[in-house]
Amino acid sequence: MIKSIKGTRDILPDEVGAWHRVEQAAHQLFSRYGYREIRTPIFEETQLFARGIGADTDIVAKEMYTFPDRDEEKTSLTLRPEATAGIVRAVIEHNLYQTDPALKVYALGPMFRRERPQKGRYRQFHQVDVEAFGMERPSIDVEIIQLALDYLRACGLTESQLILNSVGDAKCRPAYVETLRSALRAHKDRLCADCQRRTETNPLRVLDCKVPEDQAIIESLPKISDHLCAECRDHFAEVRRELGLLEIPYELSHRLVRGLDYYTRTTFEVTSAALGAQNSVLGGGRYDGLVRDLGGPDLSGIGFALGMERLVMLIPPGPQESRCDAFLAVLVPRAFDRALLIQHDLREAGVRVLVDHEARGLKSQMKKADKLGARYVAIMGEDELADDVWTVRDMTTSTQERVSDVKLAEYIEEKMRGRDAG
RNA sequence: GUGGGUGUAGCUCAGUUUGGUUAGAGCGCCAGGUUGUGGCCCUGGAGGUCGCGGGUUCGAAUCCCGUCAUCCACCCCA
């Protein structure tokens with residue numbers, strides 16, 4: 001049997017309702033904040049991600065789905081592992097920053113990373129991505145954070161925690177990284193093997209090491225908050241002041257470092273314990289150098305990405321939804337002809353109507369109508385056919401009455417309207 | 001890439017320790033109990049290469065080896 005490939009999965013009809021809820025919440029809420037949807041291709045030139053995300057990151061070094069195009073030059077293509085790079089490319093390519101007075105966009109869609117699958121982690125996964133460009137002031141950081149939290153609440157997620165940090169900028173971070181590295185070298189022998197390696201490759205990552213024996217050392221390391229330059233310190237202070245003003249609770253963590261190279265200043269993450277080890281639902285931050293690094297103008301940016309699989313796992317299940325309003329149950333072939341004619345009238349009137357295509361007994365048709373959540377079942381057998389009427393059963397009250405064939409569509413529409421209004 | 005758990009009916013699982021008739025249950029599905037009426041109940045039915053391959057044995061779902069899949073964790077990340 002051919003099965004879906006490792007790390008991919010089918011979102012089956014029973015599950016799709018939850019996906020629709022989070023998608024609709026996104027469209028609705030984001031537009032209230034002035035964000036508009038953008039749709040970029042799911043594959044790009046490999047170069048875009050290598051330059052944008054950082055060639056030394058795990059994503060680029062070993063997790064990308066990269067393949068040659070079928071052209072003479074053998075252009076290298078990559079399925080997007082995240083959304084920001086593609087969006088930035090589009091912003092630059094179409095000069096959006098020159099024409100859009102408030103460049104605020106969001107995107108929904110699949111991303112691809114070749115990682116070992118785990119709880120809430122797939123090789124094809126879906127993200128909601130929100131980005132704002134060209135705004136320097138800390139208030140946009142706060143707006144983005146508020147939007148993220150509003151969105152999670154709109155989706156019905158109640159148990160979550162906001163974690164906040166500042167990772168400095170191109171002026172102050174490199175110096176801090178060196179300070180950190182020196183401090184780590186002093187403890188080298190007592191660190192776990194991974195952290196000894198990270199000390200040289202990416203010292204910031206040592207900060208979120210989970211090995212218990214390393215924790216005491218990590219706590220004693222110099223903190224980025226003490227090494228920010230004046231501008232970064234002021235920026236972060238204002239972000240915190242505004243979060244306080246808006247009464248948005250958060251936990252400060254000098255150990256929150258983001259995985260992608262492009263982040264500057266404000267970084268944040270929302271976690272939920274219900275997700276297991278993959279506890280991050282949403283992560284984001286500012287990336288003031290990225291647009292320029294990708295060949296655009298010196299345009300600041302800030303945004304977040306949210307894992308939709310993880311979100312869907314967390315939100316309360318919706319009610320079992322009815323799949324039809326009216327079910328036409330027929331017992332003789334000529335009645336079936338009437339059903340075929342009338343079902344189209346009903347559908348044009350917006351009524352969800354189904355018939356049984358298997359010509360089974362009435363009991364079995366009733367059963368099916370019930371399972372589909374039909375509110376009304378219109379029955380036509382020999383008796384009704386003779387009088388040119390339907391017996392219409394209201395499945396919630398178990399009452400029924402006879403309605404002439406020509407009036408059936410109108411009758412059900414009427415009933416449906418009455419219910420919707422009531 | 002590394003470590004561990006689990007693979008038996010459409011789904012959730014029992015049976016594996018101590019090898020032994022036609023491999024079970026619940027749910028779901030189909031039919032009947034009602035000459036033309038759903039839910040609840042009762043009865044019956046369909047549905048299984050016991051992940052796959054090899055080995056041990058008179059005999060393997062059960063023991064051994066290999067392999068694949070899947071889940072969880074590490075690395076890393078949404």
Side-chain angles (χ1 to χ4, degrees), chain A residues 1-9 12 14 53-54 56-64 81-84 108-130 148 152 192-195 197-198 201-202 205 208-211 256-260 268-272 275-285 303-314 327 329-332 335 358 360-385 391-400:
Chain A
M1 182 176 46
I2 298 178
K3 303 205 296 188
S4 71
I5 59 184
K6 185 197 279 283
T8 69
R9 54 183 227 115
L12 300 174
D14 281 347
I53 301 168
D56 296 331
T57 58
D58 273 29
I59 292 179
V60 173
K62 54 184 198 193
E63 292 173 0
M64 295 203 305
E82 55 100 49
T84 305
L108 311 179
M111 310 292 157
F112 305 84
R113 290 183 201 170
R114 199 179 183 291
E115 302 176 277
R116 196 69 162 255
Q118 213 177 306
K119 189 178 180 66
R121 163 193 284 175
Y122 300 91
R123 289 184 171 184
Q124 173 175 340
F125 59 105
H126 298 77
Q127 286 189 334
V128 172
D129 202 81
V130 178
L152 294 176
C192 69
D194 280 329
C195 284
R197 174 175 51 78
R198 292 180 186 127
T201 58
N202 192 349
R205 293 243 69 94
D208 58 12
C209 173
K210 290 170 193 137
V211 178
L256 174 67
V257 293
R258 304 235 46 88
L260 282 43
F268 58 95
E269 187 167 296
V270 178
T271 60
S272 169
L275 286 169
Q278 305 305 316
N279 65 352
S280 173
V281 197
L282 176 157
F304 68 81
L306 171 145
M308 295 178 78
E309 279 79 2
R310 293 181 187 179
L311 179 59
V312 166
M313 260 189 262
L314 291 171
F327 189 93
V330 297
L331 299 169
V332 290
E358 292 171 78
R360 294 191 295 185
L362 180 60
K363 186 193 174 92
S364 126
Q365 293 188 61
M366 292 298 294
K367 219 170 188 167
K368 182 179 274 193
D370 184 52
K371 293 230 165 70
L372 291 167
R375 296 170 190 180
Y376 302 97
V377 178
I379 301 160
M380 187 183 278
E382 293 287 1
D383 296 355
E384 288 86 354
L385 188 64
T391 296
V392 180
R393 181 176 181 86
D394 182 326
M395 297 294 273
T396 53
T397 61
S398 297
T399 56
Q400 49 193 55

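Letters A, B, ... are given to chains in the order of the sequence lines, protein chains preceding strands, and every chain is numbered from 1.
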Under 4.0 Å protein heavy-atom contacts per nucleotide of nucleotides 37-45 of chain B, with B for base, S for backbone only and - for none: BBB------
Which residues satisfy the salt bridge (Lys or Arg N to Asp or Glu O under 4.0 Å) test with [X], sequence neighbours excluded?
X         : result
Glu82(A)  : none
Arg9(A)   : Glu15(A)
Lys119(A) : none
Arg197(A) : Asp194(A)

task: Would you state whether a donor and an acceptor, one from the side chain of Arg121(A) and one from the base of C72(B), lie under 3.5 Å apart?
output: no
With sequence neighbours left out, write down each residue that passes side chain to side chain contact (heavy atoms under 4.5 Å, CB included) with [X], or none if nothing qualifies.
X         : answer
Glu115(A) : Glu63(A), Arg113(A), Arg121(A)
Gln124(A) : Thr8(A), Pro110(A), Phe112(A), His126(A)
Glu382(A) : Val332(A)
Val312(A) : Ala18(A), Trp19(A), Val22(A)

query: Does Val377(A) reach the side chain of Val392(A), with side-chain heavy atoms less than 4.5 Å apart?
result: no
G54(B) to U16(B) separation - P atoms, rounded to the nearest Å: 26 Å
- prompt: Quick one: is Gln118(A) getting a side-chain N or O under 4.0 Å of the C74(B) phosphate, OP1 or OP2?
  reply: yes
For [X], answer base if it contacts any base atom (sugar-phosphate contacts may also be present), sugar-phosphate if it contacts only those atoms, and nothing otherwise; contact means non-hydrogen atoms under 4.0 Å.
X         : result
Asp383(A) : base
Gly276(A) : sugar-phosphate
Arg360(A) : sugar-phosphate
Tyr376(A) : nothing
Arg198(A) : sugar-phosphate

task: Begin with the C-alpha distance, continue with both residues' side-chain angles, and end with the deciding distance and a verdict on side chain to side chain donor-acceptor pair (under 3.5 Å) for Thr391(A) and Glu384(A).
output: CA-CA 7 Å; Thr391(A) 296; Glu384(A) 288 86 354; 2.6 Å; yes
query: Nearest to the side chain of Lys119(A), which nucleotide is it out of A78(B), C75(B), A73(B)?
result: A73(B)
query: Where each pair must be Watson-Crick or G-U wobble with both distances under 3.5 Å, what dot-bracket representation of RNA chain B is obtained, with crossing pairs in [ ] and other-strand partners as |?
result: (((((((..((((......[...)))).(((((.......))))).....(((((..]....))))))))))))....
Distances for protein N or O near nucleotides 2-10 of chain B N or O, under 3.5 Å:
| from | atom 1 | to | atom 2 | distance (Å) |
| --- | --- | --- | --- | --- |
| U2(B) | O4 | Arg116(A) | NH1 | 2.9 |

task: Just grab all the salt bridge (Lys or Arg N to Asp or Glu O under 4.0 Å) pairs involving residues 363-373 of chain A, residues at least two apart or on different chains.
output: Asp356(A)-Lys368(A), Glu358(A)-Lys368(A)
